[in-house]
Every structure is written in structure tokens, then in C-alpha cells.
Amino acid sequence: MFKVFRTKIAIAGLALTLAGCAHFVPSTKVAPPTQPAQQGVAAARAQAVQTQIFLDANDFRPGMVDGRLGEFFEKALALYNANHGQPAGASPDVSGIQPYTTYTVTAEDLGQVGVMATDHAEVAKQKSCPYTNLGDVMAERFHTTARFLAAINPTIDINQLQAGQALTVPNVSDPFDIGSLPKMHTSKRDPSLAGRSIKITVATRILQVRDNDRTIASFPITPGSTDHPAPIGDWHIDEIATFPWFRYDEGVLQRGERTEDFYNFPPGPRNPVGILWMQLDRPGDGIHGAPNAATIGRAGSHGCIRLANWDAALIRTLVTVGTPVSIQ
């Protein structure tokens with residue numbers, strides 16, 4: 001079993017080591033919403049959430065924190081064990097991790113909700129590409145799904161909550177705070193991260209961040225599609241930008257041909273590339289966020305590498321302009 005170190009810190013932030021080797025456990029109290037007839041199911045689900053929170057906090061991201069131990073959970077655990085000298089089938093001691101906490105909705109949360117047009121020309125006229133309901137705001141903030149939030153809040157209509165009202169959420173160590181990201185910011189080269197590299201394995205749909213010969217983080221990804229595969233080869237990051245605009249050009253998306261028939265979509269979490277764009281030294285290709293985290297690893301992309309927005313927010317702090325990227 002692994003040793004788990006506790007630290008008393010608010011859910012708004014948990015100090016993680018950059019290499020993801022120290023294990024931190026949030027100290028907020030449990031508030032699991034269970035009914036007597038469902039206690040067995042709820043207990044098993046809570047234990048799965050504990051393990052997902054453990055991996056998520058240590059930067060070996062398991063996908064959704066939703067109590068379902070599927071493909072990306074198994075891959076994250078295997079990579080964590082391999083890079084921490086543990087047997088392949090080892091399970092971390094998560095008994096000290098509280099699976100749930102209570103979150104109080106704020107006016108800023110409600111301010112993230114807006115309307116998204118469906119017509120491309122109308123989207124291009126918007127000031128942003130916002131969330132369209134509060135459930136999605138809360139789901140991305142706590143690395144989960146609106147469906148799971150509904151399951152652990154059976155008596156609450158999350159989309160009807162007002163500022164000051166509370167709901168139960170997964171007790172993740174670093175909730176995704178979209179408001180804390182720099183607006184329209186382009187990062188510069190950071191010499192302290194010069195030893196970092198990115199390894200993307202298309203077959204497993206996993207992106208690893210490596211520091212010299214050691215994996216320090218891993219993420220589920222969508223690596224292109226059959227019609228538009230990810231560009232196999234060795235590249236590097238040319239630019240890292242938060243809240244990018246997106247040039248929607250059917251010619252580029254369908255045939256790889258730039259045309260003059262396009263729309264510029266404004267920034268926001270529901271922008272086609274989410275909250276981040278990391279340009280590779282290959283025109284049109286990059287590593288980016290996603291408007292819908294549920295599609296990661298499932299729906300295809302147009303040749304780019306796509307991550308959940310909360311994972312995109314983390315990876316931008318782990319690499320820099322000039323970081324080598326190997327896609328294989």
C-alpha cells in the first residue's frame with residue numbers, strides 16, 4: 001500500500017509537486033448523499049471516486065472522476081505504478097481520502113452561463129463561447145460529468161441553483177477554475193522546463209509528459225481520427241495560448257485546404273478547441289482543450305490532440321514553448 005500524506009487546505013487549491021510524486025489528500029469533510037437501500041452501491045462508488053481523486057491529484061489523470069473504473073482509470077493507474085516503482089497490479093491506499101465535499105455556488109459561477117448559437121455565422125457574432133448551463137460549469141470544475149453530479153445530488157436541480165446554494169461534488173484537489181486562467185495569453189519559453197518532453201501514443205490514446213527519462217504526468221486524449229489522423233513524427237511546441245479564437249474553415253477541417261469561406265469563433269469553454277491551444281511546428285496541428293470532455297478518447301478529431309479543459313489547464317503549466325513532442 002502507498003503512504004498518503006494529508007495536508008489541511010481548502011478545496012480551492014492544493015499544492016501539488018510539479019513532478020506529481022507526493023501524494024496529497026484534501027481535508028474537507030465527507031458529505032455522501034446516500035439512501036439506506038443504496039448504501040452498498042454508494043460505498044463502492046465512493047471508493048472508486050477516492051482512487052480517481054488520488055490519481056487525478058498526482059497528475060496521472062484517469063479521465064472523469066465519476067466512480068466508474070474504466071479504460072482510462074486502468075491506464076492511469078498502470079502508468080502511476082510503473083513510474084513509482086510499484087507492482088503493476090498495486091492499489092493505492094486511499095482510505096484517508098474524502099470522496100465528496102460540499103460546494104457553494106457563486107455569482108461568478110452563474111456568470112459563466114450563457115447561450116450558444118447553433119448556426120456558424122451566429123456563433124461568430126458572439127462575444128464568447130460560454131457554458132450553456134450551470135451543471136456543465138460544475139462538472140468541468142470538479143472533473144466529472146453533469147450526470148454524475150445529478151446522481152450524487154438526487155434531490156437537487158443543479159441548473160436551477162442560485163448563488164449561495166450548495167451541492168455535493170467530488171473532492172478533487174485542484175478544481176478547474178476557468179476564471180483564474182490568463183485571458184488571451186501567449187506563454188513564453190520557460191528555461192526551467194527545458195528537460196521536459198511530450199510522448200503521445202495514438203494506439204492507447206494517452207499523452208505523457210516526461211522529465212528526462214521519467215513520466216511525471218499522463219492524460220487521456222483524442223488523437224485525430226481515421227480520416228484525419230494525428231501527425232506521426234517528431235515535432236515541438238511553437239506557441240501556447242489560453243482562450244484562443246478558432247478559425248472554423250470547412251476546407252481545412254475536411255480536406256486540409258485553407259479557404260476564404262470561414263468563421264472566427266470567439267474564446268470560451270465551448271470553443272471547438274476549449275480553453276487552450278498549443279501550436280505544433282506543423283501548420284494547423286496542435287494540442288488543445290475540448291468543448292465536451294465526455295468525447296475524449298471516444299469521438300475523433302481533425303488531426304489534433306484533444307484533452308479535457310481541466311487537463312489542458314494543467315498541461316500548460318508542465319511544458320513550455322520549444323518542448324519536443326513525439327507522436328507515435
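The residues of the chain are indexed from 1 along the displayed sequence.
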Quick check: closest heavy atoms across A217 and F219, and the distance to 0.1 Å? CB-CE1, 3.9 Å
Is the CG atom of D213 crowded by more than 12 outside heavy atoms at less than 6.0 Å? no
Decide yes or no for I200 and S326: does some side-chain heavy atom of the first lie under 4.5 Å from some side-chain heavy atom of the second? no
Any donor-acceptor N/O pair, R196 side chain to L318 backbone, under 3.5 Å: yes
Do any N or O atoms from the side chain of T317 and from the backbone of A313 form a donor-acceptor pair under 3.5 angstrom? no
Apply side chain to side chain donor-acceptor pair (under 3.5 Å) to the pair T215 and Q208, showing each step before the final yes or no. CA-CA 6 Å; T215 297; Q208 298 178 53; 2.6 Å; yes
Which is it for D109 and T106 under the side chain to side chain donor-acceptor pair (under 3.5 Å) test, yes or no, and what are the steps along the way? CA-CA 5 Å; D109 297 328; T106 68; 3.1 Å; yes
Atom CG of D66 and atom CZ of R45: how far apart are they, to the nearest 0.5 Å? 10.0 Å
A side-chain contact here means heavy atoms from C-beta on lying under 4.5 Å apart; do Q52 and H143 qualify? no
Could you walk me through whether Y80 and Q86 pass the side chain to side chain donor-acceptor pair (under 3.5 Å) check? CA-CA 8 Å; Y80 176 89; Q86 301 295 334; over 6 Å; no
Backbone N or O of A76 within a donor-acceptor pair of the S218 side chain at under 3.5 Å? no
Exercise: identify the closest heavy-atom pair between R282 and P231: NE-CB, 3.4 Å
Q50 (side chain) donor-acceptor with I97 (main chain) under 3.5 angstrom: yes
Heavy atoms of A163 and A107 approach each other most closely as CB-N, 3.8 Å
Distance check, rounded to the nearest 0.5 Å: I296 atom CD1 versus D311 atom CG? 8.0 Å
Looking at the rings of H84 and F60, which for Trp means the six-membered one, are their centres under 6.0 Å apart? yes
Determine, step by step, whether I237 and T320 satisfy the side chain to side chain contact (heavy atoms under 4.5 Å, CB included) criterion, reporting the C-alpha distance in whole Å, the side-chain angles of both residues, the deciding distance to 0.1 Å, and the verdict. CA-CA 7 Å; I237 296 174; T320 184; over 6 Å; no
Once you round to the nearest 0.5 Å, how far does NZ of K125 lie from CG of N264? 14.0 Å
Sub-3.5 Å donor-acceptor pair from the side chain of Q165 to the main-chain atoms of Q162, do we have one? yes
With distance as the sole test, does N309 use its side chain to make a donor-acceptor pair with the main-chain N or O of A290 at under 3.5 Å? yes
For Q279 and D285, indicate whether the former's side chain and the latter's backbone hold a donor-acceptor pair under 3.5 Å. yes
For a 4.5 angstrom cut-off between non-hydrogen side-chain atoms, does I275 reach H288? no
For the pair L55 and L77, evaluate side chain to side chain contact (heavy atoms under 4.5 Å, CB included) and give the outcome as yes or no after the intermediate values. CA-CA 7 Å; L55 292 168; L77 182 58; 4.1 Å; yes
Do the side chains of L280 and I305 get nearer than 4.5 Å, heavy atoms only? no
Is there a donor-acceptor pair closer than 3.5 Å between any side-chain N or O of D281 and the backbone N or O of H236? yes
Hey, does the side chain of N271 reach the backbone of P266 with a donor-acceptor pair shorter than 3.5 angstrom? yes
Could you grab the distance from atom OG1 of T201 to atom CD of Q328, nearest 0.5 Å is fine? 5.0 Å
Indicate yes or no for a side-chain donor-acceptor contact from R270 to the backbone of P291 under 3.5 Å, with no hydrogens or angles considered. yes
If we check ring-ring contact (aromatic ring centres under 6.0 Å, His included) with F142, which of these qualifies: Y100, Y103, W310? Y103
Identify the two heavy atoms, one from C129 and one from F265, that lie closest to each other, and give their separation to 0.1 Å. SG-CB, 4.5 Å
Could you check whether any side-chain heavy atom of L149 comes within less than 4.5 Å of a side-chain heavy atom of P170, counting everything from C-beta outward? yes
Give the C-alpha distance, both sets of side-chain angles, the deciding distance and a yes or no for side chain to side chain contact (heavy atoms under 4.5 Å, CB included) between I178 and F243. CA-CA 10 Å; I178 193 170; F243 293 106; 3.7 Å; yes
Which atom names give the shortest non-hydrogen contact between T204 and E71, and what distance separates them? O-OE2, 4.3 Å
Is any side-chain heavy atom of N133 closer than 4.5 Å to a side-chain heavy atom of I158? no
For a 4.5 angstrom cut-off between non-hydrogen side-chain atoms, does I315 reach L276? yes
Are Y248 and F262 an aromatic pair, judged by ring center distance below 6.0 Å? no
I'd like to know whether NZ of K188 has more than 12 heavy-atom contacts from other residues, nucleotides or ligands below 6.0 angstrom. no
Given L161 and L167, is the side chain to side chain contact (heavy atoms under 4.5 Å, CB included) satisfied, shown in steps? CA-CA 9 Å; L161 290 177; L167 72 159; 4.1 Å; yes
Looking only at heavy atoms, the pair that brings A48 and G67 closest together is CB-O, 3.4 Å
Using a strict threshold of under 4.0 Å (side-chain N to carboxylate O), is an ion pair present between R189 and E239? no
Taking D211 first and then K199, would you say they form a salt bridge - that is, a charged N and a carboxylate O separated by under 4.0 Å? no
Separation between OG1 (T144) and CD1 (I152), nearest 0.5 Å, reads 6.5 Å
Rounded to the nearest 0.5 Å, what's the gap from CG on L79 to CG on N58? Could you check? 13.0 Å
V325 versus I327: any side-chain heavy-atom pair under 4.5 Å? yes
Taking the six-membered ring of F176 as reference, does the NZ or CZ atom of R141 fall below 6.0 Å from its centre and within a 45° cone about the axis? no
